[in-house]
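Report on the structure given below.
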Amino acid sequence: MNVLDKVLTLRPGNTVARVGAGSRVPLLNPRELLRALAEAPAALPCLPVQAKGALPGLLRAARSEDAVLGLACPHPLSDRGAPERFVVAAHQVAAEAEHARPLFLQAGPIRVARADADTLDALKDGIYRVVDAGFSLVSLDLSRLDSYEAVEAVNALVAPVTERELALELTGPAASGGFVDAYRTLLEGLRQWKVPVDFVRVPESALSEGEPDVRLLRSLVELASEYDAVLSVGEAGAARVGGLPTYVAAGVRKVDCVGGFERLALGAWPPDVRASVEEKSAAAGLPAGQLLSVLEEQLPPLDDAAREKLEALSFMEATEVLAALGATRTGQASLRFLAEKRGD
């Protein structure tokens with residue numbers, strides 16, 4: 001049994017059920033990748049897929065940099081078939097390219113707007129669909145709730161994730177008394193309910209408008225570690241690619257890089273289509289790039305030239321991000337570690 005064969009045995013059962021046992025794509029739980037990179041000066045990169053035409057370029061960048069990579073479906077509950085279509089598309093592109101670097105698939109962040117029973121029941125049904133589709137990481141955004149509502153909401157929602165031992169990421173609740181206190185209340189409440197949290201996510205916008213607040217970052221890194229979790233930074237914008245090493249140096253273990261990829265995806269469509277998406281985004285209160293991921297299949301398909309341009313630009317942007325996060329040369333190293341330690 002070679003290295004890849006050994007690592008393929010670590011794939012989550014829900015993922016194998018979706019892509020088939022014969023698949024050779026190492027779609028893993030990011031918990032395994034954290035284990036493999038525990039001593040590496042790197043953060044897991046997670047890139048949003050606003051347009052599926054970007055997938056070949058994102059995956060080619062991971063192969064070029066020999067990097068681990070996460071792919072995020074920003075709005076997996078936009079309709080009932082969205083989670084499955086995303087996983088099938090990502091796997092198809094990876095399989096056709098014979099992609100043999102570690103991948104993980106993230107659903108969300110899924111926004112939890114309210115904590116009433118009807119809202120939570122509907123969200124829980126959606127999370128079951130996400131898990132059945134094959135995602136290995138579910139990200140929940142609790143920022144519209146207070147700490148106590150957030151604890152109740154997570155406890156009501158996580159069964160689909162914890163039953164399959166998948167990874168859970170949480171963006172913390174409203175922080176009127178400060179981020180550290182709000183996150184501590186959340187994590188302490190979830191510890192009492194024995195809910196395992198893998199990633200504690202803080203939006204980049206909360207880390208100051210200029211350079212990131214390194215002191216706050218380190219406080220959150222230490223807090224997360226007290227609860228057997230790691231810190232992730234969400235919504236990292238294009239303007240800060242040069243500052244991504246700061247996150248790594250502060251101890252952040254995962255970064256969701258959004259800004260540049262949203263712009264590239266939206267720019268792939270003709271001006272009249274972009275204008276329509278931007279108009280709808282203003283009405284919906286969502287960034288146009290994010291709304292594109294919901295509307296893509298309703299838009300005219302990209303022509304060959306536009307698709308090739310999107311792939312090339314996505315490759316260039318992803319290559320820069322992977323290098324900035326220290327992910328270069330983490331792919332094969334992770335595979336070797338997991339092949340040797342898979343029974344531990």
Side-chain angles (χ1 to χ4, degrees), residues 18-19 27 45-62 69-97 99 103-111 126 129-130 132-135 137-139 141 234-238 256-318 321:
R18 173 58 57 195
V19 304
L27 289 164
C46 190
L47 309 182
V49 181
Q50 269 85 27
K52 294 182 178 66
L55 279 168
L58 300 179
L59 291 173
R60 183 158 60 91
L69 179 63
L71 298 171
C73 180
H75 297 283
L77 305 187
S78 57
D79 65 68
R80 293 190 67 88
E84 181 179 344
R85 290 197 302 272
F86 182 92
V87 174
V88 168
H91 177 260
Q92 180 178 354
V93 173
E96 289 175 353
H99 190 91
L103 289 172
F104 67 91
L105 301 181
Q106 170 179 309
I110 298 168
R111 180 174 292 174
R129 294 198 303 274
V130 161
D132 288 343
F135 288 89
L137 168 60
V138 175
S139 180
D141 181 352
E235 302 161 18
D256 290 11
C257 295
V258 174
F261 298 100
E262 289 187 346
R263 173 178 49 80
L264 295 178
L266 189 63
W269 268 268
D272 59 325
V273 176
R274 292 202 301 271
S276 174
V277 173
E278 288 166 351
E279 181 180 349
K280 291 175 181 176
S281 76
L286 277 176
Q290 288 191 28
L291 186 62
L292 180 64
S293 68
V294 177
L295 299 177
E296 180 185 5
E297 294 182 13
Q298 304 171 30
L299 301 178
L302 295 176
D303 61 32
D304 290 343
R307 185 175 291 272
E308 289 175 5
K309 182 178 179 181
L310 175 58
E311 177 181 343
L313 293 175
S314 298
F315 167 80
M316 294 172 61
E317 183 79 10
V321 167

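As a basis for the values below, the full set of heavy atoms in this structure was taken, side chains included, without hydrogen atoms, waters or symmetry mates.
Other residues, nucleotides and ligands contribute at most 12 non-hydrogen atoms within 6.0 Å of the CG atom of Asp304.
Scanning for salt bridge (Lys or Arg N to Asp or Glu O under 4.0 Å) contacts around Arg129 gives an empty result, with sequence neighbours left out. Residues that satisfy the side-chain hydrogen bond (donor to acceptor under 3.5 Å, both in side chains) test with Arg274, not counting sequence neighbours, are absent from this structure.
Ser281 and Leu291 make their closest contact through N-CD2, 3.3 Å (heavy atoms, listed as atom of the first residue, atom of the second, distance). Residues Leu77 and Gly126 come closest through the heavy atom pair CD2-O, 3.5 Å. Residues Pro76 and Val130 share a closest heavy-atom pair of CB-CG2, 3.9 Å. In plain terms, the two heavy atoms of Cys257 and Val321 that are nearest each other are SG-CG1, 3.5 Å.
Residues Trp269 and Val277 have side chains not in contact (no heavy-atom distance under 4.5 Å, counting atoms from C-beta outward). A 4.5 Å side-chain heavy-atom check between Val93 and Leu58 finds every atom pair outside the cut-off. Contact annotation: the side chain of Leu47 never approaches that of Glu317 to less than 4.5 Å [non-hydrogen atoms, C-beta and beyond]. Contact annotation: the side chain of Pro83 approaches that of Phe135 to within less than 4.5 Å [non-hydrogen atoms, C-beta and beyond].
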Please tabulate, for the side chains in residues 305-316, all donor-acceptor contacts under 3.5 angstrom to protein atoms that are two or more places apart in sequence or on a different chain.
from, atom 1, to, atom 2, distance (Å)
Ser314, OG, Leu310, O, 2.7

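Rounding to the nearest 0.5 Å gives a distance of 12.0 Å between CD of Gln50 and CG of Leu295. For the atom pair CG of Leu69 and NE2 of His99, the computed distance is 6.5 Å after rounding to the nearest 0.5 Å. Of the inter-residue distances, the one linking Cys73 atom SG with Arg85 atom CZ reads 9.0 Å to the nearest 0.5 angstrom. In this structure, Leu55 CG and Phe86 CZ are separated by 6.5 Å, a value rounded to the nearest 0.5 Å. Remark: Leu292 CG to Glu262 CD distance equals 9.0 Å, nearest 0.5 Å. Between the CZ atom of Phe104 and the CG atom of Leu71 there is a distance of 8.0 Å, given to the nearest 0.5 Å.
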- Message: Does His91 form a side-chain contact (heavy atoms from CB on, under 4.5 Å) with Arg18? I'd like the steps, not just the answer.
- Response: CA-CA 10 Å; His91 177 260; Arg18 173 58 57 195; over 6 Å; no
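A donor-acceptor contact shorter than 3.5 Å links the side chain of Glu296 to the backbone of Lys52.
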